[in-house]
Amino acid sequence: MIEYENLGKLNQPFFEEYKIRFEETLLSGWYVLGKGVEAFEKDYAQFIGSKHCIGLANGLDALSLALRCFDFPGGSEVIVPSNTYIATILSIVQNGLTPVLVEPDIHTYNIDPVKIEEKITAKTRAIMVVHLYGKCCEIDTILSIAKKHDLRVIEDCAQSHGAKFKGKISGSFGEFGAHSFYPTKNLGALGDAGAATTDDDLLADKLRTLRNYGSRVKYNNEYIGYNSRLDEMQAVFLHAKLASLDKITDHKRSLAKIYFDNLKEDFIKPVQHHDYFDVYHIFNIRHPKRDKLREFLLQHNIKTEIHYPIAPNKQKAMFGILEGAYPISEEIHATTLSLPVSFYHTSNDIFRVIEVANKF
Ligand SMILES: *Cc1c(COP(=O)(O)O)cnc(C)c1O
C-alpha cells in the first residue's frame with residue numbers, strides 16, 4: 001500500500017531531536033510563551049525575511065487576527081479566491097466582513113489577477129491571496145492592483161512554506177503573511193500551530209497583544225483579545241524541523257520532477273514557469289474521469305486525496321453568504337486529484353504510482 005500521507009513516518013527523521021527538545025522543555029517548567037516560542041519566531045522571521053513573526057495557535061487564527069488588526073468597518077469587502085480552502089473565507093466571515101470571490105486561473109489554480117478589478121467596489125478593503133498547493137500567486141500584478149486601489153494584502157501561506165515568486169519568498173509580500181503549521185503542511189508541528197509575519201512594527205505589536213487577551217502588561221487589557229498563543233512545545237518541535245525545511249522542499253520537488261517526467265500526457269499536470277519556485281504541498285493532476293481514476297489507483301493499493309471535493313460556494317455553511325456561479329472553481333473541484341508527494345515517500349513509491357496511473 002502506498003499511503004497518501006503518514007505523519008508518523010514523515011516525522012521519523014526528527015524523533016531523536018524531538019525527544020531532546022521535549023525533555024528540555026518539560027524540565028524547564030515553562031509551557032506557554034517561553035524561550036522556545038521566541039527562538040522559533042526569530043528564526044522563522046529570518047526565514048521569511050520579515051521583521052516580525054508572531055507565533056499563533058493555528059493558521060485560521062493567523063488569517064483572522066491579521067484581518068482583525070485593521071479594524072475594517074463591518075460589511076467591508078475582502079477579495080478572496082473562489083477555490084481556496086474554507087479557512088480563508090471563514091476568517092473573513094468571522095470578522096464580520098464580506099467575502100467577495102474571484103475565480104482562479106484554470107492553469108495555476110491561483111486567483112486570476114485579471115478578474116480582480118471588476119470585483120472592487122467602494123467597500124473593498126483588502127485582498128486575501130492564497131498560494132495554493134505550494135505555488136505563489138501572480139503577486140506582482142496583485143500588489144500593483146492593491147496599491148492603485150489602496151487595499152491591504154494578506155497572504156495565506158498555509159501551503160507555501162518556502163515557495164518563491166521571482167526569487168522572493170511567500171509571506172514577505174503583503175502587510176501580513178499568515179502561516180499554518182498543521183501537521184500535514186510542509187512545515188508541520190505535532191499538533192495545531194500557526195504564525196503571522198509582517199514588516200510593520202505597529203501591526204506586529206497589535207497582533208502580539210491580540211493573541212494574548214489583548215494584553216501587553218499582565219492583567220491590563222487594551223483590546224477585545226483572544227487566546228491564540230503558539231504552544232511552547234509545538235514551537236520547539238517546529239524550530240527543530242525548520243532547520244530541515246529546505247531538505248523537505250528539495251525532496252518534494254524531486255518527487256514532483258519524477259511525476260512531470262513520467263506521467264502520461266492524458267493527465268493535466270501543474271504548470272511550471274521559471275518565475276515560480278514551487279514547493280508542492282500538494283501535487284495535483286486533473287482528469288475528466290477523476291473519480292474513476294481515484295478508484296483505479298485504490299484498487300492497486302495507491303491512496304490519493306482530493307483538494308477539495310466541494311467548492312466553498314457549495315458548502316452548506318455558506319448558503320446566503322457566497323452567491324453566484326463559479327464555473328472555473330467548480331471545474332477544478334470536479335477534476336482534481338492529489339497524488340502522494342510526502343517527505344517520506346521514496347522515488348520508487350512515485351514510480352509505482354506513475355506505473356499504475358499510466359495504465360488508466
Ligand atoms: C491548512 C490551511 C489553513 C488553515 O490552517 P489551520 O492551521 O488548519 O487553521 C488555511 N488556509 C489554507 C489554504 C490551508 O491549507
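First listed ligand is number 1; within each ligand, the first listed atom is number 1.
For F283 and F260, the ring centers sit closer than 6.0 Å to each other.
Side-chain atoms of H307 and S338 form a donor-acceptor pair, as typed in the model, at a separation below 3.5 Å. Residues E355 and H300 have side chains that never bring a donor and an acceptor to within less than 3.5 angstrom of each other. Between the side chains of E222 and T209, no donor-acceptor pair is found at a separation under 3.5 Å.
Considering backbone and side-chain atoms together, S180 places an N or O closer than 3.5 Å to an N or O of ligand 1. For ligand 1, the polar-atom distance check finds no N/O of A87 at less than 3.5 Å from any of the ligand's N/O atoms. For the pair Q159 and ligand 1, the shortest N or O to N or O distance falls below 3.5 Å.
Evaluation of the side-chain contact (heavy atoms from CB on, under 4.5 Å) rule for R290 yields I306, T336, L337 as partners, not counting sequence neighbours.
In this structure, the protein non-hydrogen atom closest to atom 8 (O) of ligand 1 is Y182 CD1, 3.9 Å. Looking at atom 9 (O) of ligand 1, its nearest protein heavy atom turns out to be L60 N, 2.8 Å. Scanning the protein for heavy atoms near atom 1 (C) of ligand 1, the closest one is K185 NZ, 1.7 Å.
Under a 4.0 Å heavy-atom criterion, D156 is in contact with ligand 1.
Between F72 and F70, the ring-plane angle classifies as parallel under the 30° and 60° cut-offs.
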